[in-house]
Structures are given as C-alpha cells and as structure tokens.
Amino acid sequence: MKFHIVTYGCQMNERDSDAIAALLERHGHESAQGEADAELLLINTCSVRAKAEHKALGKLGLTTAAKQTRTSLRLVGAIGCMVERLGPRLFDKLPRLDFAVGARRLASLPFVVERALAGPDPILAVGVNPAETGNMAEMAGHAETGVSAYVNVLYGCDRGCSYCIVPAVRGPEVSRPARDILAEARELAARGVREITMLGQSVMAYGRAQAVWESNDRSPRGFAEPFPRLLEAAADIEGLWRLRFASGHPSGCTPELARAMGSIPAVCRHLHLPLQSGSDRILKLMRRGYDIGVYRQAVERLREAVPDIAITTDIIVGFPSETDAEFEATRAFMEEIGFDNAFIFKYSPRPGTPAAGWPDDVAAEEKLRRNKILLQDQQRRTLAGSERLVGQTIEILAEGVSARNAERWCGRTSGNRIVVFEPDSAVRKGDLIRVRIVRAMPQSLLGEMVGIVRAGPRQPDAEGKRNSE
Ligand code: 5AD
Ligand code: SF4
C-alpha cells in the first residue's frame, strides 16, 4: 500500500517516522508521493502540551472524515505519544479511526495494518512491547538518508520532572547497546550521511541504567563514562564528520563530557541544555534536580573546554505559582548565560503528571506576556550572536537547497546556526565548505562561499560505497 506519514512533535518523533517508513517498506509497502495519494495515512502525534494534542486531533478529525469522500484512502491510523496517553478514549473522539499504535509499540505497525485491512474493528496497541529488544532492532532502519540523520541512543526517561508527560508515554529509560548504535551509524555513513544527531530524552544518561559496552575498559582516549565513549567511537567511523546529541541535562555535563566535546573534532560545538526556569524555587517544584548554581557550573565547565560552544535552551513560563519576581529571575539568568537560542513554552498541565494536581494559577494572558518578553530578549541575543560572526570565515556542512529561497543553499555551523549562501558549480550536498559571513539575519546568516574543505560523496553506488575521498 502507498503510505504517507504526517509527523508532529520532537526529533524523536521524526526519527520514529523515518524508522516506520523503513519498516513498512520492508513489509512491501511503498512511500506515497504525498498525503493526497496515500492509501494508508499515519499521523504521528505529540502529547507534550495540550496544543500539540489539539493539532493532532484536528488533523485526525479531518483525515478520518476524508475517508468517506476519498475512496483511495483506505486506512487512517494514529501513532505515537498521544496514543499512549489517550488509549481507547481516542476511538471515542475519532469513531472512524482504523487503528492506533503507541510510541512503544511502533514495531508492531505492519501487523496492525494487516489486521486493520482484514476487518472493520478498530485496533489499539499501547503499553510495553513484551519483546522490547526485538522492537529496538525493528526500529533501526532509515528510509530516507540525506546529509544528516538521527540515531536513537536512549529511549524513555526516568527523570520524573513534575510537568512532563514523557515518562508516561515513552516509558522508563532504556539504553541501546553501543554495538547496535555504532553499526547503525556505520551503515548511515556508508550511505553518505555525514552528520549524526544522537537522540535521547536525557542523552548523557546513556548507559547509566544498563550495561551498554561489552567491557569496562577505558577507551583509547581514556574515557570511562559510557556516553563520552560512544562519542569517541562514533567519531572514528569513516565518513562521519559531525556528531551532535540532544537533549542535555546539567548532571550529564561531567568533566569527561567536557573533555570529549573539547578534544574530539567531530563533536559539534553546540549543546541544547534545557534550563526550564531561572528560579531555584520553581526548579525545585519542577523536580529538575539542579539549581541555577549547578546549571551555571555546568556551563562554565563546558565553556572552559570549548570556549566558543553554543548553548541553547528550553524555558517554561507560567509554571504553577510562578511569581513575577521569579519570572524576572529567569529573564536575568538567561541574560547571564547568554543563550545562543531558546525555545519558550507556556506551561500546559498534562493529566497524570504531579504538577497537573496543582492550581494552574498563572493567567493565560500573563503566560503570554512572559512568553513574549523572553522571546524578544532572545531574538535580540540571537541576532547579536550572529552579528559577532559577520566577517568571519566559518565551516558549514552543505545541506542543499534552502527551503525559503530556491536560488540559495543552506548549511549549519558547528554551533548550529543556519547559513544561506549562493552555491558555486562545484559544491555538492554533504560537502564541508567554508563560507565568509557577510550579514546577520534574525534566524540565519548570509554567507559567501570561500571553498570546499572536504568533498562529500559524489556517486554512491548500490552498495553505498563512495568513490570520492
Ligand atoms: N508545558 C509546557 N511546556 C512543556 N515542556 C515539557 N512539558 C511541558 C508542559 N507540560 C517543554 C519543556 C521541554 C520541551 C520539549 O517542552 O521545556 O524541554
Ligand atoms: Fe516528543 Fe515528548 Fe512530544 Fe513525545 S510528547 S513527541 S517525546 S515532545
């Protein structure tokens, strides 16, 4: 069947959608040109805030209704985080929905599709897959590979932040064996991928709850902790030029992690380190496990090892009982750290989380006001950071045609800033190039090509071997 996947939510969901596409292809289905010619339509949902759920529910409402008029559309399924959260209630809201598969049961999708084709009853698959490890292996494929790819290193989360739905929908923390991750990374590199982003809710906790390495020996560069060891081993894979990882937590910013970031050239000089609040009282209520002093130390340690490291963050405004003074503390701390970028969210109570039991007592208009102020502050800071790069010659990975302007290409700096540039005739996707930054724009930089540093794959053959380099 021709399938199409619409994806909401975070990088994990994007990765899941890609893995599912590969899984469905292995079971004889094929990717549709687009949503309009799909026979099987999957909506990958997010539960992180009420708004994310409304969006997915709205889309599901429209697409299940479209089944009546568009006869080629045979099945509509909901998948992902919201399915785990709502379970059977999803079918009350969406009577024409054919099936729903939760974030931890995605490997069973091909069988659910088969059953859905065989009979009219709605099918629900949620909860833990009894064959958890088999599940992970099924989800290791990649349908589309471009210049960059995501690789899961850690599923679920054990942290238990009081506002967060993730542990409820994605389950406890499970780290993948290093051998499997590295095999996946090697295969991607052979297919021409130059940059990998390692994903986990709390990625530096990799290997803390499970043994992931076959021996406890120190690595060649003397790392003992599982995550720095993983970075080192991945950096040694031929053809992999850049490594990123997300998301971070201050407790993971150990001396070894700082040393790995500073000493392994492939590791990008960027860390997404969600702060959430700059008030110690709110951080405690959020059960984040650090105060601003600890956060500050983590940043100092990273900056000592990687002086120009870019640090980005997430902030929640309007958490229960957050006062104006506490909001101002967040504002001041953001300025102190000088974040390169920040995502600002209005607090949204998630049923079943501890914070949902507390009064959501910051008025909607006040949340909006706080959100706007932080956004404005950050836009100014982001632009000032970009302006400091004007005149510098910087290395970027050429990703291809820019989404906004077909004449131009785009790429990212090691610090994760987007650069748009006019390509010369020699440049190819996946080349590492030098650009001179000529202008700073609100969300990106304008650069002029200086030259190619390392040429990417030119003509990958069927085996994925490269004939360049
Ligand atoms: N309300 C608002 N924002 C939330 N986030 C997580 N849970 C909530 C919630 N209940 C934000 C956090 C997290 C990001 C992915 O989403 O800032 O880092
Ligand atoms: Fe990602 Fe969390 Fe949304 Fe799930 S609920 S898609 S893990 S942001």
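Order of appearance sets the numbers: ligands from 1, and atoms from 1 within every ligand. Hydrogens, waters and symmetry mates play no part in the numbers below; they use all other heavy atoms, side chains included. None of these values were measured; they are calculated from a predicted model.
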Can you tell me which portion of [X] lies within the under-4.0 Å heavy-atom range of ligand 1? Options are side chain, backbone, both, or neither.
X	value
F345	side chain
I316	side chain
Q276	side chain

Any residue meeting ring pair (Phe, Tyr, Trp, His ring centres under 6.0 Å) with F3, in chain and number order, not counting sequence neighbours: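 With neighbours one apart ignored, the set is empty.
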Residues which pass ring pair (Phe, Tyr, Trp, His ring centres under 6.0 Å) with H4, listed by chain and number, not counting sequence neighbours: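 Listed in chain order: nothing, the list is empty.
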Within-cut-off N or O pair, D314 and ligand 1, under 3.5 Å: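 Yes: some nitrogen or oxygen of D314 is under 3.5 Å from one in ligand 1.
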Heteroatom proximity flag, R350 to ligand 1, N/O under 3.5 Å: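 Between R350 and ligand 1, no N or O pair is found under 3.5 Å apart.
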Atom indices of ligand 1 within 4.0 angstrom of R49 heavy atoms, with elements: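 It comes down to these atoms of ligand 1: 1 (N), 2 (C), 3 (N), 4 (C), 5 (N), 11 (C), 16 (O).
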Aromatic ring proximity Y206/F245, centre distance under 6.0 Å: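 No: the rings miss the under 6.0 Å criterion.
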is_close_aromatic(H249, Y290), centroid dist under 6.0 Å: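 Ring centres of Y290 and H249 closer than 6.0 Å.
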Check against side-chain contact (heavy atoms from CB on, under 4.5 Å), E84 and R170: CA-CA 8 Å; E84 288 289 346; R170 288 199 177 251; over 6 Å; no
